[in-house]
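Take this structure, written in structure tokens, and hold onto it; I'll ask about it next.
Note that ligands are numbered from 1 as they come in the structure, with each ligand's atoms numbered from 1 the same way.
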Amino acid sequence: MKIINVVGARPNFMKIAPIVEAMTRAPALTQVLVHTGQHYDASMSDVFFTDLGIPMPDIDLGVGSASHAEQTARVMIEFEKVCLRENPGLVLVVGDVNSTMACSIVASKLLIKVAHVEAGLRSFDRTMPEEINRLVTDSIADLLFTTSRDADENLLREGVDPRKIHFVGNVMIDTLLKHREKAASLNMLSQFEIEPGKFALVTLHRPSNVDDPVVFGEILGALQEISSTMPVLFPIHPRTRKRAAEFGFNLDGIRAVDPLGYLEFLNLATNAAVVLTDSGGLQEETTILRVPCLTLRHNTERPVTISHGTNIMVGPSAPRILSAFNRILSGDWKPAGPPELWDGHAAERIVDVLASPPLQ
Ligand code: UD1
């Protein structure tokens with residue numbers, strides 16, 4: 001069977017890497033890798049292919065940035081041509097970005113089977129563009145691969161046929177476990193002149209946090225306060241840098257650097273005293289790294305990172321961020337154990353399902 005694997009934006013790359021690798025060992029499957037081009041900067045895309053050893057995409061749709069409707073539409077127009085030409089038996093999408101939803105819709109309307117990796121996650125917050133992407137993708141996918149039991153329950157509650165759901169674990173953690181040692185060998189700490197366990201690491205890019213000057217300003221205030229206790233390292237997403245400039249915010253005290261590669265970032269996350277983030281994937285990665293994680297959101301679609309991991313929701317509220325930070329300084333934090341099946345073998349389980357009848 002011919003499978004089209006789709007990637008588009010930064011968090012997709014670490015998810016597709018182990019799947020592509022496992023598929024190369026399955027003689028029954030041939031694969032075509034399509035990059036939609038949703039992310040296109042070298043630091044948001046190319047570096048991940050190099051770091052993770054992903055083969056260069058067979059096809060790049062080059063859609064770039066635009067409004068949600070325009071970006072989604074451009075992906076759909078270009079991806080439809082690819083599907084008609086390649087005639088795949090299955091399209092595999094990962095995560096919850098616009099490219100994920102766009103390609104699922106195209107495939108589904110061409111009667112091509114769709115597999116969604118990381119299905120069933122729900123924040124129950126429809127103001128998040130990703131929640132819409134997740135709901136649409138899961139409602140039309142033929143195979144739904146989940147990372148946690150709560151995701152299975154969400155899908156069952158929405159009426160998804162249980163035969164379509166496969167609880168396989170977390171492909172992002174496959175990648176983390178594979179590259180952990182290599183990342184540890186980098187000398188990021190000396191490069192940034194920081195000490196292990198004595199710095200805060202920040203990522204921020206959600207529209208709800210960075211597109212609103214009041215919210216963004218409050219978060220920056222909290223980060224500036226933390227920077228009086230320890231260095232605050234902030235690899236800054238292009239959207240966030242743009243907004244900070246538009247709002248005329250100064251980032252004094254905060255060490256804002258360009259986005260980092262996968263291995264560089266993993267090295268820093270492993271060594272951080274605390275991670276402050278609004279990313280989904282980082283909540284999962286800190287769970288495995290056992291590094292305290294403060295999530296600057298009101299909700300998470302990944303509750304297992306709270307029940308099993310180091311994660312707590314503090315929202316974009318300065319008092320809550322600072323009080324949680326002080327708890328971490330006092331050594332009062334939660335123990336963490338790996339969630340079920342976050343064991344480095346999720347991609348193999350996915351490929352086992354794809355390579356076995358009756359899908360073939
Ligand atoms: C997208 C995903 C989000 C994911 C995030 C990870 C959607 C709806 N959102 O958000 O779920 O967590 O990626 O980064 O799919 N830009 C560049 N260079 C790039 C890419 C983006 O400069 O390579 C800038 C552009 O100004 C663009 C803005 O960042 O308009 C936002 O990019 P976009 O892909 O729309 O969404 P993200 O915020 O990156």
Checklist outcome for this item: Near Lys242 (heavy-atom distance under 4.0 Å), the atoms of ligand 1 are 25 (C), 26 (O)
Next on the checklist: Between Lys242 and Glu246 (salt bridge meaning N to carboxylate O under 4.0 Å), is one present in this structure?
Outcome noted: no
Checklist entry - What protein heavy atom sits nearest atom 32 (O) of ligand 1, and how far away is it? => result His39 NE2, 4.2 Å
Next on the checklist: Taking Glu118 first and then Arg134, would you say they form a salt bridge - that is, a charged N and a carboxylate O separated by under 4.0 Å?
Outcome noted: no
Checklist entry - Going by distance alone, is a donor N or O of one side chain under 3.5 Å from an acceptor N or O of the other, for Asp152 and Thr146? => result yes
Next on the checklist: Within the 4.5 Å heavy-atom criterion, are Ile194 and Leu268 side-chain neighbours or not?
Outcome noted: yes
Checklist entry - Which of these passes side chain to side chain donor-acceptor pair (under 3.5 Å) with Arg122: Asn154, Asp150, Asp138? => result Asp138
Checklist entry - Below 4.0 angstrom, N of the basic side chain to O of the carboxylate: do Arg243 and Asp211 qualify? => result yes
Item to check | Winner among Arg239, Arg134, His205, Gln38 once heavy atoms are compared against atom 31 (C) of ligand 1 | outcome: Arg239
Item to check | Closest approach of any protein heavy atom to atom 25 (C) of ligand 1, naming residue and atom | outcome: Ser65 OG, 3.3 Å
Checklist entry - Nearest protein heavy-atom contact for atom 2 (C) of ligand 1: which residue, which atom, what distance? => result Val97 CG1, 3.7 Å
Next on the checklist: Less than 4.0 angstrom from a charged side-chain N to a carboxylate O is my criterion; do Glu301 and Arg297 meet it?
Outcome noted: yes
Checklist entry - Looking at atom 8 (C) of ligand 1, what's its closest protein heavy atom, distance included? => result Asn98 OD1, 3.2 Å
Next on the checklist: Can you report which non-hydrogen protein atom sits closest to atom 16 (N) of ligand 1, along with the distance?
Outcome noted: Tyr40 OH, 3.6 Å
Item to check | Shortest protein contact, atom 3 (C) of ligand 1 (heavy atom only) | outcome: Glu130 OE2, 3.2 Å
Next on the checklist: Suppose we measure from atom 6 (C) of ligand 1 to each protein heavy atom; which comes out shortest, and what is that distance?
Outcome noted: Pro11 CD, 3.4 Å
Item to check | Distance from atom 18 (N) of ligand 1 to nearest protein heavy atom, with residue and atom | outcome: Asp41 OD2, 3.0 Å
